[in-house]
Each structure stands twice: as C-alpha cells, then as structure tokens.
Amino acid sequence: MTDTIGFIGLGVMGAGMAKNILKAGFKLVATTSSAEKADAFRALGAEIVDSPAVIAGRTTLIVTCVPDAAALRQTLTGDNGLASASWEGGLLVDCSTIAPFEAEEMGAVLANVGAGLVDAPVSGGRKGAEEGKLTIMCGGSDADVARARPVLDAMGTNIHHVGPLGAGQAVKACNQLMVAVNMMGAFEAVALARAAGVDPKVMREVLSSGAARSGVLEAHALRYIEGNLEPGFRAELMRKDLGIAAAVGAHYKRAQPATGLAHQLLVAACNSGFAKLDSAALGLLYDQMNGTDDERPTR
C-alpha cells in the first residue's frame, strides 16, 4: 500500500473524501481546475498537479469521484489521462456512479496500461463523505480490494466487497432506485397528510417508529418538509443515477416499472427548475402537481 494517494474529483462528495484520506495520515496528490479548491487543499498539505498523468507518475493508487462515465473516460483516455502512458502496477479506486458494463469497459482500458480497477461507488451523501462514514460497495478482484482497503477505510465505515468488477455499481444502482421509489412514497404521504389536516412532521414521527420507517423518511422527508433543500446530493445526479438503473435493467431485460416512474419524475423535477437542489426537491414536483406550491416553507 502506497503512502501517497492520488485523488481526482474534488466536488461535493470528493472533497470530504479527500480530506479524510489526509486525516488518516496519507500524503495526497490531486488535480483540480478550481484555483479555490487548489489553494484549500494545499493549505491542508496536499500536492496539486496539472493532470491525471502527473498523478499517475507520483503514485500507484488513485481515487476518482467524478460526475459520470463520460468524465471518467476523459480522465482515463484524454490528453494526459491516467491511461495515456504505461501505469504498470497501478490501481484505480473509482467512487463515481456509472453502469456495471461501463466499469468493465474502464477496467479493460486500464488493463491495457498495466493497471487494475476497483469500482467503489459510495452512499451516505455529503455528511457521510465529510465524516468518513460512507457505505462503499466494491467490485473487483480479492487482491485489488484488499490493496485498496486502507484508503477505503479512511473514507467509509461500511466497506463491502460485493463481487467482481462491476458488482459495486450494480449494488449502487439497486440503492438509488430504492431511495427514489421510497421518496415517491414519502412525498405522497406528506401530501396526503396535509390534505387531511395532519401536520406532516407528526405523520413522519409516527411512521418512523413503525413498519414504514426508512432512511428516506428520516432524512429526505424531513429536508423537504422543512424546505431545507441545499444540496447534499443534487436532483440532477439522482436523475442520472436512475437513468443508469434503468439502463442496467434494460441490459439484463428486467421489468422495472417503479424505476421507470421514479426516473421520469426526477426528469420532470429537474425540468421544473429543481436540478441544482437536493434530490428531496422531488417533493416540490408533488407540490406543483397538487397545486400546493405556496403551502411549504422555503429556506
């Protein structure tokens, strides 16, 4: 295990993850197009370099957390990408959310330059990333996951090796579709409670102690009820992830009526101007459909 870890993708999730790698005692070398982020991470002791290729020249273990498969492909195959030259013995731990078959494609690209890949998508939102309490779903060989384990432990508290390359992304797709479908139920329940004259906070508290309890009811529903929709996890990213879940289902010829509906509702929410808000802004779409836009708090 190298003492220096590379990091690419210092966004909402990645910044917290990278900081926890530093806190765990690793040296960090990263690249970013943001001068503000570069200054902030230099102040924490990180080395900031110009490109992924330079990072690959500094270390044999790199973590990526980028928005989508196109961004990851550019990180690997673009000018001065990780795979632009030999990276013999390198290991990429990709914490982005992409499709399982896209992870397999990226694995083949890296194999051509002598490197391996662990697909390691995460769950837990900005708070989990900042606190180092993410759930991380890993796909890859036993040896590669074991090699990545110390840096995974720096970022999360629930590390699961769920199968071969691509399996982590399959489990993440399952996670996202279940979160989105649960959000549909939670926001419909809020609308029903309001229509019946019941305080939705009271409804939520009651249901949280019974069979309807869930992480969505605990967190997403509360953010929506209180109008606290500053992103943790943006609606546009949930829309993207549900598109992945739908594509995975189509790839394996599975019926996914709930996933399809959730994806379309997220598309509608984003098209209604809520793309940059937290994914719990899906509740605002329900407000629009019910004609109750003015009945909720905002902040």
Side-chain angles (χ1 to χ4, degrees), residues 1-34 36-49 52 55-56 58-69 71-72 75-76 82 90-98 103 106 117-140 144-162 168-169 171-172 175-176 219 230-234 237-238 240-241 278-279:
M1 176 66 185
T2 178
D3 290 332
T4 299
I5 305 299
F7 204 100
I8 301 168
L10 300 175
V12 170
M13 297 291 290
M17 295 158 67
K19 288 175 183 176
N20 282 314
I21 291 172
L22 282 165
K23 288 177 184 176
F26 296 103
K27 297 176 183 178
L28 189 77
V29 55
T31 185
T32 176
S33 60
S34 166
E36 182 179 354
K37 289 177 183 176
D39 289 343
F41 273 88
R42 283 194 190 99
L44 294 172
E47 179 186 4
I48 304 298
V49 298
I55 296 180
R58 297 279 202 278
T59 180
T60 56
L61 200 152
I62 298 172
V63 178
T64 46
C65 187
V66 297
D68 52 32
L72 183 60
T75 298
L76 268 59
L82 294 178
L91 179 64
L92 180 65
V93 179
D94 179 45
C95 296
S96 315
T97 297
I98 61 176
M106 303 304 173
L117 174 64
V118 171
D119 62 299
V122 302
S123 179
R126 175 193 280 178
K127 188 172 186 290
E130 291 174 347
E131 295 178 355
K133 296 181 178 179
L134 293 169
T135 293
I136 307 180
M137 301 147 263
C138 302
D144 283 346
V145 174
R147 181 180 169 192
R149 186 67 193 233
V151 72
L152 294 169
D153 285 337
M155 300 185 294
T157 52
N158 298 294
I159 316 299
H160 303 278
H161 184 192
V162 296
Q169 298 295 351
V171 175
K172 179 62 183 289
N175 182 83
Q176 297 302 80
E230 178 184 350
F233 186 75
R234 299 191 306 276
L237 294 179
M238 180 60 86
K240 182 264 294 184
D241 288 358
D278 188 89
S279 60

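All values below were derived from every heavy atom in this structure, side-chain atoms included, with hydrogens, water molecules and symmetry-related copies excluded.
- Taking OG1 from T64 and CZ from F7, the interatomic distance works out to 8.0 Å, rounded to the nearest 0.5 Å.
- Of all the heavy atoms in S96 and P121, the pair that sits closest is O-CB, 3.7 Å.
- Taking 4.5 Å as the limit, every side-chain heavy atom of L237 sits out of range of all side-chain heavy atoms of V12.
- Rounding to the nearest 0.5 Å places CZ of F26 at 10.0 Å from OG1 of T59.
- Summarising the geometry of V66 relative to G9, their closest heavy-atom pair is CG1-CA, 4.4 Å, with the distance given to 0.1 Å.
- Annotation: the span from L61 atom CG to I55 atom CD1 amounts to 12.0 Å, rounded to 0.5 Å.
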Walk me through whether K27 and R58 qualify under side-chain contact (heavy atoms from CB on, under 4.5 Å).
CA-CA 11 Å; K27 297 176 183 178; R58 297 279 202 278; over 6 Å; no

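- With V63 as reference, I5 is the one residue of V118, L152, I5 to meet the side chain to side chain contact (heavy atoms under 4.5 Å, CB included) rule.
- Closest of all the heavy-atom pairs between A103 and L117 is O-CD2, 3.4 Å.
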Is there a side-chain contact (heavy atoms from CB on, under 4.5 Å) between M17 and L134? Walk through the geometry before answering.
CA-CA 9 Å; M17 295 158 67; L134 293 169; 3.7 Å; yes

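- A distance of 10.0 Å separates CG in D68 from CG in D241, rounded to the nearest 0.5 Å.
- Between the side chain of H161 and the backbone N or O of G140, at least one donor-acceptor pair lies under 3.5 Å.
- Side chain to side chain, K172 and T97 meet the donor-acceptor criterion of an N or O pair below 3.5 Å.
- Closest approach of G132 and N20 over heavy atoms only: N-ND2, 3.2 Å.
- Annotation: side chain of V122 is in contact with side chain of M13 (closest heavy-atom distance under 4.5 Å).
- Pairing each heavy atom of Q169 with each of D119, the nearest pair is N-OD2, 2.9 Å.
- At least one side-chain heavy atom of F41 sits less than 4.5 Å from a side-chain heavy atom of L10.
- The two atoms that bring L82 and A56 nearest to each other are CD2-CB, 4.0 Å, heavy atoms only.
- Distance check, rounded to the nearest 0.5 Å: CD of E47 to CZ of R42 gives 9.5 Å.
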If you apply the rule salt bridge (charged side-chain N to carboxylate O under 4.0 Å, His left out), what do you find for R147 with D144, and how did you get there?
CA-CA 5 Å; R147 181 180 169 192; D144 283 346; 5.0 Å; no

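- Atom CE of M238 and atom CD of Q176 lie 4.5 Å apart (nearest 0.5 Å).
- Annotation: side chain of I136 is in contact with side chain of M155 (closest heavy-atom distance under 4.5 Å).
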